[in-house]
Amino acid sequence: MPLSDKHTETKTYDDILNAGPPLNQLAKEFVTPNKLFFVRNHTWIPHFQLESYRLRVHGLVTRELSLSLDEIKRDFERHALTATLQCAGNRREEMVSYKPIDDQLAWGIEAIGTAEWAGARLGDVLCAAGISSEEAAHVAFLGLDEILHDHANEAYGGSIALDKALACEVLLAYEMNGEDLPLAHGCPLRVVVPGYIGARSVKWLSEICVQAEQSDNHFQQVGYKLFPPHITLDNVDYADGMPLTKLPVNSVIVRPQAGSQLQAGKVVVEGYAMSDGEHEITWVSVSADGGETWQRADFTHEPRLWSWQLWRAEFELPPGEHEMVVRAWDSAANSQPETIASVWNFKGYVNNAWHRLRVVVA
Ligand code: MTE
């Protein structure tokens with residue numbers, strides 16, 4: 001899915017935009033340039049007038065708020081945080097090759113990026129509104145974009161637990177890498193929920209509601225729920241699903257790409273690794289012989305919470321076909337399952353099996 005000219009200034013798009021960077025540009029830098037940051041949209045980018053934009057904060061609050069972007073910038077302290085955003089569908093393509101998955105985007109390894117986000121803390125805005133009831137347990141978001149489900153339009157939405165919403169890492173971002181938040185990434189305002197699947201980071205944010213229950217939105221109640229491998233479209237009861245929140249530990253080989261023809265001798269292997277953000281990636285092991293022997297990869301940066309780790313390893317490879325494999329651990333001893341069979345699910349979410357690819361050395 002190559003990125004097209006998604007950064008055009010116009011506010012109309014003919015098509016639903018879903019795109020990621022070319023693989024030779026993926027994870028080259030710790031912070032992903034805006035023009036290389038993947039885009040995941042469930043419908044067309046909404047039309048709106050920036051001048052009349054308001055964020056409504058309501059529900060179990062002492063004071064309802066209706067805030068313009070200028071008021072958010074003026075009344076709430078600006079905080080910046082470097083955080084990785086990863087779509088729950090990242091690496092779905094490998095799951096699809098194992099067993100078909102209907103009606104979902106077959107993302108490769110490119111539905112991930114890291115940006116410096118800046119904006120107000122969601123917690124500060126919630127404090128200004130005041131939590132009015134002990135029953136308040138969830139914070140629901142709605143975007144300006146509307147999606148047709150069962151013959152009715154519903155805004156894109158989702159929710160997170162109140163505890164996470166009050167955590168200092170959760171932002172209402174109006175800047176991305178020092179620029180105004182680009183339209184494709186949720187201008188004028190989006191939620192950024194570091195460590196969680198990207199789906200909870202609602203773009204074009206229009207409403208925040210403090211409530212007792214999780215959001216009843218389609219993308220909380222039907223989409224972005226995890227099911228064990230034996231559940232399929234034929235026997236699913238969506239009420240039983242597990243709403244996805246934190247990301248599991250994952251690691252991916254970005255270079256060389258699958259099927260590459262390489263020269264015998266020194267081969268550099270590079271990639272990314274990610275955890276739930278609360279725990280640092282502490283170890284990445286890479287194999288060039290299908291997992292018979294392993295080498296510890298070097299990190300290219302100091303470990304940071306909420307962000308991916310980029311890693312690098314060198315091998316001396318003789319001619320022949322080689323299977324490369326990567327697996328990672330985080331500081332809480334979480335790691336990755338060996339096979340896709342154990343994590344396959346009919347929606348193709350959060351594939352974190354060991355990443356494998358084959359290269360040919362001549
Ligand atoms: N917010 C709205 N309003 N509409 C959407 O379709 N997609 C979600 C999330 N927020 C979405 C949204 C999903 S599934 C992901 S992975 C992230 O946005 C992607 O953010 P990005 O496009 O800035 O990379």
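When a ligand or atom number is given, it counts from 1 through the structure's own listing order.
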Do the ring planes of Tyr238 and Phe227 sit parallel (below 30°), tilted (30 to 60°) or perpendicular (above 60°)?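 Correct class here is perpendicular.
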Please list, in number order, the atoms of ligand 1 under 4.0 Å from a heavy atom of [X].
X	result
Asp145	2 (C), 3 (N), 4 (N), 5 (C), 6 (O)
Trp204	2 (C), 3 (N), 4 (N)
Phe37	24 (O)
Leu85	20 (O)
Asn41	6 (O)
Ser201	9 (C), 10 (N), 18 (O)
Cys87	16 (S)

Does ligand 1 have any atom sitting under 4.0 Å from a heavy atom of Tyr224?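 Yes, Tyr224 has heavy atoms under 4.0 Å from ligand 1.
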Mark yes or no for whether Trp204, through its side chain, and Leu183, through its backbone, hold a donor-acceptor pair below 3.5 Å.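 Yes: the side chain of Trp204 pairs with the backbone of Leu183.
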Without swapping roles, check the side chain of Arg200 against the backbone of Thr245 for a donor-acceptor pair under 3.5 Å.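 Between the backbone of Thr245 and the side chain of Arg200 there is no qualifying donor-acceptor contact (under 3.5 Å).
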Between OH of Tyr156 and CG of Asp145, what distance do you get to the nearest 0.5 Å?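 With rounding to 0.5 Å, OH (Tyr156) is 8.5 Å from CG (Asp145).
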What distance do Arg190 atom CZ and Leu172 atom CG have between them, rounded to the nearest 0.5 Å?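 Reported to 0.5 Å precision, the distance equals 11.5 Å.
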Check each heavy atom of Phe38 against ligand 1 and say whether those closer than 4.0 Å belong to the side chain, the backbone, both or neither.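 Both the backbone and the side chain of Phe38 come within reach of ligand 1.
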Relative to ligand 1, is Arg190 under 4.0 angstrom through side chain, backbone, both or neither, heavy atoms considered?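 Just the side chain.
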Checking side-chain contact (heavy atoms from CB on, under 4.5 Å) between Phe346 and each of Val236, Ile101, Asn235, Asp102, which is the one that passes?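 Of the listed residues Val236, Ile101, Asn235, Asp102, the side-chain contact (heavy atoms from CB on, under 4.5 Å) partner of Phe346 is Val236.
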Nearest-contact summary for [atom] - protein heavy atom, Å:
atom	result
atom 7 (N) of ligand 1	Arg40 O, 3.1 Å
atom 6 (O) of ligand 1	His42 N, 2.8 Å
atom 9 (C) of ligand 1	Gly198 O, 3.3 Å
atom 22 (O) of ligand 1	Lys203 NZ, 2.5 Å

Before giving the answer on side chain to side chain contact (heavy atoms under 4.5 Å, CB included), spell out for Leu122 and Ile208 the whole-Å C-alpha distance, their side-chain angles and the decisive distance to 0.1 Å. CA-CA 10 Å; Leu122 172 58; Ile208 296 175; 3.7 Å; yes
Between His149 and Phe219, does the ring centre distance come in under 6.0 Å?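 Ring-ring flag for His149/Phe219: true, centres closer than 6.0 Å.
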Which is closest to atom 11 (C) of ligand 1 in terms of heavy atoms, Trp107, Tyr156, Phe141, Trp44?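 Looking at heavy atoms only, Tyr156 sits closest to atom 11 (C) of ligand 1.
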Output yes when Glu71 and Arg54 qualify as a salt bridge under the 4.0 Å nitrogen-oxygen rule, no when they do not.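 So Glu71 pairs with Arg54 through a salt bridge.
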In plain terms, say whether Glu314 and Arg312 are close enough for a salt bridge, that is, a side-chain N and a carboxylate O under 4.0 Å apart.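 Salt bridge flag = yes for Arg312 with Glu314.
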